[in-house]
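To start, the structure itself, in structure tokens.
Within every chain, numbering begins at 1; the chains are lettered A, B, ... in the order of the sequence lines, protein sequences first and strands thereafter.
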Amino acid sequence: MDETTPTVFVVDDDASVRCALARLIRSIGMQVETFASGREFLGCQVPDGPACLVLDLRLSGENGLVLQDALRTSERRLPIVFLTGHGTVPICVQALKAGAVDFLLKPVDEQDLLEAISRAIAVDRCTQDNRRKRAALAWRAKMLTPREREVMALVVTGLLNKQIADALGTCEKTIKVHRAHVMQKMQAMSVAELVRMADAVGIGDAYASQLQPLYAAG
Amino acid sequence: MATHSDDSHAPQSPMPRRKRAIRRDGKHRRMPEESVGLLPQLTANRPWEFAALAHELKQPLTAILSNAQAARHLLDLDPPDLQEARTSLADIIADARRTTEVLRGLQAFVATGALDLTLLNINDVVRETIGLVHNNATAQGVMITLHLSDDFPLIYGDRIQLRQVLLNLVRNAFEAMHQVEDEGRALIVRTSSATPGIMTVEVEDHGMGVDEMTMARLFHPFFTTKSGGMGLGLALCRSIIAAHGGWIWATQNPDRGLTISFTLPAV
């Protein structure tokens, strides 16, 4: 399957609705996979490319909202567009609060459906992008030595090299060397960027609070 | 442990408010039909069924709309995908037919509004119904036992519609027993008058039985566990019994299978 072509997963227990929606979505150039139940869907392998889920709210034998919950805790959280033949406000609110991208009533016009799908795919692209960036950063952070991690944690709290040296019980020159290595390994162009990276990979607060008492005296 | 379906509440509609017009010679007279249109009658008297109907219609309509809009795109392609467009149209036709069937089934509900009431012996109706399915029973190896009470079996009822109810229940029972081994296929029909003024009819099968979730939705219109079924059978039964002023409910047998019971006011 092409990495960049979006895939739409359609889950609806009515066979002719499933088929018709798939045909429509395919006819405008997107890939579709259909499932008759949430269980079937959860058992499938979701591709890496951008994707979203079009889900009937009341699947026979199980609730669409229950599936939404199950998906929230799974690794690959697909954005959801709900479709329903029922249309009560409370359920709609519940679904949207739980993070659904949209909530559409059946029979659904192609405009509304395709618009919602576009939005959902965009959300997924963004999420996947962020996930990849975070993974890349984590990989780089793994390359840091324990000492370099300590230095990085203190650099991003805004301490000067001298203060960091005092906190770690070493000299400023050594700190400068460590700092340079950190910037290089993390591929950060500036301290500001390093701070953002530290946030993303979770280096920072824990360390800093541990070492704080050590430099406060200085 | 026996569990009840959630329809063991008050009858769906009150006793027919029309006056009973049974002539002294025992012949019947047709009750005046209600001259209200279909929609008000449905929404006012059976809002629940209307909601179920609306939902059932939304499914094929959704498919029809999406298929039609897809066909347009397919024809706009360069070159047009005629094959897929044709399949799309075929599906539209199938769904339009499906919708027609749903509406046809609905007419049965409308028909129950007019009851042809006569004084009748419910035991006779049971015997007639069993007579109708006798051949099937033999063919499927179903043992039918009748326990028909002699106490006050006279009721006011629409013979044809009550036979329809019993036929439905008996057929369901046969279906339930399909999967069961030969020795276990037993169908028992009982009539009794444990409570004075009320006739109770029970259709007991020793078939597969149903799960909790199905129990709760047994009498819902358009609910079915059969592929290709429309799910109106039991809902229709409920409608007919309610129109007679009785109730209908289902209980799970201690060993296996279901017992569907309904009551009718006795004379």
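- The environment of A:R140 atom CZ is dense: over 12 non-hydrogen atoms of other residues, nucleotides or ligands sit within 6.0 angstrom.
- With A:S27 as the partner, the side-chain contact (heavy atoms from CB on, under 4.5 Å) test is satisfied by one option alone out of B:L75, B:D81, B:L74, B:D76: B:L74.
- B:H73 NE2 to A:E110 CD: the interatomic distance, rounded to the nearest 0.5 Å, is 3.5 Å.
- The shortest non-hydrogen separation linking B:S66 to A:V108 is OG-O, 4.3 Å.
- Against chain A, the residues from residues 86-93 of chain B that qualify, each with a non-hydrogen atom under 4.5 angstrom away, are B:T87, B:S88, B:D91 in number order.
- Residues meeting the salt bridge (Lys or Arg N to Asp or Glu O under 4.0 Å) test with A:K176, sequence neighbours left out: none.
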Chi angles and distances behind the side chain to side chain contact (heavy atoms under 4.5 Å, CB included) call for B:K58, A:L105:
CA-CA 9 Å; B:K58 281 180 193 171; A:L105 298 181; over 6 Å; no
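- Taken to the nearest 0.5 Å, the CD1 atom of A:I28 stands 11.5 Å off from the CD atom of B:Q69.
- Between B:E84 and A:R26, none of the side-chain N atoms (NZ, or NE/NH1/NH2) sits under 4.0 Å from a carboxylate O, so this pair counts as no salt bridge.
- Applying a 4.5 Å heavy-atom cutoff, the residues of residues 14-21 of chain A that approach chain B are A:D14, A:S16, A:V17, A:C19, A:A20, A:L21.
- In this structure A:F41 satisfies the ring-ring contact (aromatic ring centres under 6.0 Å, His included) test together with A:F9, A:F35, sequence neighbours excluded.
- Both the backbone and the side chain of B:L61 come within less than 4.5 Å of a heavy atom of chain A.
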